[in-house]
Visitor: 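Quick one: the structure is below, and I'll ask about it shortly.
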Amino acid sequence: TTEAKTAGSPHEPLRVNTELSPEPSTMSIDTIIEEKDVTLATLAVELERATMANEAQGDRSLYVSEAGMFPFWVEIREGIRCILLHSYLEFVPECDEAERLELCDRINQKLYLPAVHVRRVEREGEPDSFRLVGNYPIYYRDGLFSSHFIRLCRLFSDGMKRVEAEFDPE
């Protein structure tokens, strides 16, 4: 069998510029976030309101790591109006290509969320390693219901827990 190691940990604390973000007290769980207002700062506020711990990872993503949840990243792909939820598990070096692909195929047949694929990780001076990457897109053209975003974050985390159970049943 293969063994799993969960995704890395955050490095920087979240800093939310409240001048650009709606005040948490004025937003409700049924809030529609206008397309132009879908930013990492706004999403961080929504995650915090839903009691989901998150930290900025530079200016490109948020790392969600609430206790009891499978950790994941939130990124915004502005060009296609998409929020991408993603995380990964690392394969042990002994796992061969056929085993990696078979596991990936089995998970994609069983689970709707997340979709998974195998990614090679190249590090200078070290042998290549492989990750089982899970991701899920949330499109926000014309806006986004905050409750929908939070629900999909929870479903994604639960889905990654199911992936982990398939990945390493022990």
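None of the values given here were measured: they were computed from a predicted structure.
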Visitor: Taking the side chain as everything from C-beta on, heavy atoms only, tell me whether S157 gets closer than 4.5 Å to V64.
Guide: no
Visitor: State whether the side chain of T31 and the backbone N or O of S146 hold a donor-acceptor pair below 3.5 Å, judged by distance alone.
Guide: no
Visitor: Is any side-chain heavy atom of N54 closer than 4.5 Å to one of E48?
Guide: yes
Visitor: Taking NZ, NE, NH1 and NH2 as the nitrogens, is one of them in R162 or E166 under 4.0 Å from a carboxylate oxygen of the other?
Guide: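 The answer is no: the pair does not qualify as a salt bridge.
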Visitor: Taking salt bridge (charged side-chain N to carboxylate O under 4.0 Å, His left out) as the definition, give me every residue that meets it alongside K36, ordered by chain and number, with sequence neighbours left out.
Guide: none
Visitor: Roughly how far, to the nearest 0.5 Å, is CG of L40 from CG of L47?
Guide: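 The CG atom of L40 is 10.0 Å from CG of L47, to the nearest 0.5 Å.
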Visitor: Tell me whether the count of non-hydrogen atoms from other residues, nucleotides or ligands lying under 6.0 Å of CZ in R123 goes above 12.
Guide: yes
Visitor: For Y140 and C82, which heavy atoms make the closest approach, and how far apart are they?
Guide: CE2-N, 3.1 Å
Visitor: Of the non-hydrogen atoms in L62 and A56, which two are nearest, and what is the gap between them?
Guide: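 Reported closest heavy-atom pair: CD2-CA, 4.0 Å.
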Visitor: Closest approach of V38 and I76, non-hydrogen atoms and distance?
Guide: O-CD1, 3.8 Å
Visitor: Among the clusters formed by ILVMFWY side chains lying less than 4.5 Å apart, do L101 and F167 turn up in the same one?
Guide: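 Yes; tracing contacts between hydrophobic side chains, which count when under 4.5 Å, links both residues.
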Visitor: Do the non-hydrogen side-chain atoms of E90 and V121 ever get within less than 4.5 Å of each other?
Guide: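 Counting from C-beta outward, E90 and V121 never come under 4.5 Å.
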Visitor: Rounded at 0.5 Å granularity, tell me how far CD in E126 sits from CG in D128.
Guide: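 It comes to 10.0 Å.
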Visitor: Are the side chain of K161 and the backbone N or O of G68 linked by a donor-acceptor pair below 3.5 Å?
Guide: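 It does hold such a pair.
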Visitor: Return yes when atom CD of E78 has more than 12 non-hydrogen atoms of other residues, nucleotides or ligands closer than 6.0 Å, and no otherwise.
Guide: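 Not more than 12 within 6.0 Å, no.
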Visitor: Quick one: pull up CD in E94 and CD in E99 and give me the separation to the nearest 0.5 Å.
Guide: 10.0 Å
Visitor: Taking all atoms of both residues into account, what is the closest heavy-atom pair of E75 and S61, and its distance?
Guide: CG-CB, 3.5 Å
Visitor: Within a 6.0 Å radius of atom CZ on R106, are there more than 12 heavy atoms belonging to other residues, nucleotides or ligands?
Guide: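 Enclosed.
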Visitor: What distance do E35 atom CD and D142 atom CG have between them, rounded to the nearest 0.5 Å?
Guide: 6.0 Å
Visitor: Please work out whether the ring planes of F72 and F156 are parallel, tilted or perpendicular, with thresholds of 30° and 60°.
Guide: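 Answer is perpendicular, since the angle exceeds 60°.
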Visitor: With a 4.5 Å heavy-atom cut-off, do L152 and I83 have their side chains touching?
Guide: no
Visitor: State, with a plain yes or no, whether a side-chain heavy atom of R151 is found less than 4.5 Å away from one of H148.
Guide: yes
Visitor: Could you check if a side-chain atom of F91 sits within less than 4.5 angstrom of a side-chain atom of L103, using non-hydrogen atoms only?
Guide: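 A side-chain contact exists here, since the closest heavy-atom pair is under 4.5 Å.
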Visitor: Under the side chain to side chain contact (heavy atoms under 4.5 Å, CB included) criterion, do R119 and Y88 qualify, and how do the steps go?
Guide: CA-CA 9 Å; R119 177 179 293 156; Y88 66 87; over 6 Å; no
Visitor: Counting C-beta onward and ignoring hydrogens, is there a side-chain heavy-atom pair between C95 and F130 closer than 4.5 Å?
Guide: no
Visitor: Report whether L111 and L113 are members of the same hydrophobic cluster (ILVMFWY, side-chain heavy atoms less than 4.5 Å apart, transitive linking).
Guide: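 Same cluster: L111 reaches L113 through Ile, Leu, Val, Met, Phe, Trp or Tyr contacts under 4.5 Å.
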Visitor: Where do I33 and E46 come nearest, in terms of heavy atoms and distance?
Guide: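 For I33 and E46, the tightest heavy-atom pair comes out as CD1-CG, 3.9 Å.
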Visitor: Roughly how far, to the nearest 0.5 Å, is the CG atom of L43 from the CD1 atom of I138?
Guide: 8.5 Å
Visitor: Quick one: closest heavy-atom pair of C153 and M69, and the distance?
Guide: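 In this case the closest contact between C153 and M69 is O-CE, 4.2 Å.
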Visitor: Could you check if a side-chain atom of R49 sits within less than 4.5 angstrom of a side-chain atom of I150, using non-hydrogen atoms only?
Guide: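 The answer is no, as the side chains (C-beta and beyond) never meet within the 4.5 Å cut-off.
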Visitor: Can you tell me how far CH2 of W73 sits from OG of S65, rounded to the nearest 0.5 angstrom?
Guide: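 Output value for this atom pair is 10.0 Å.
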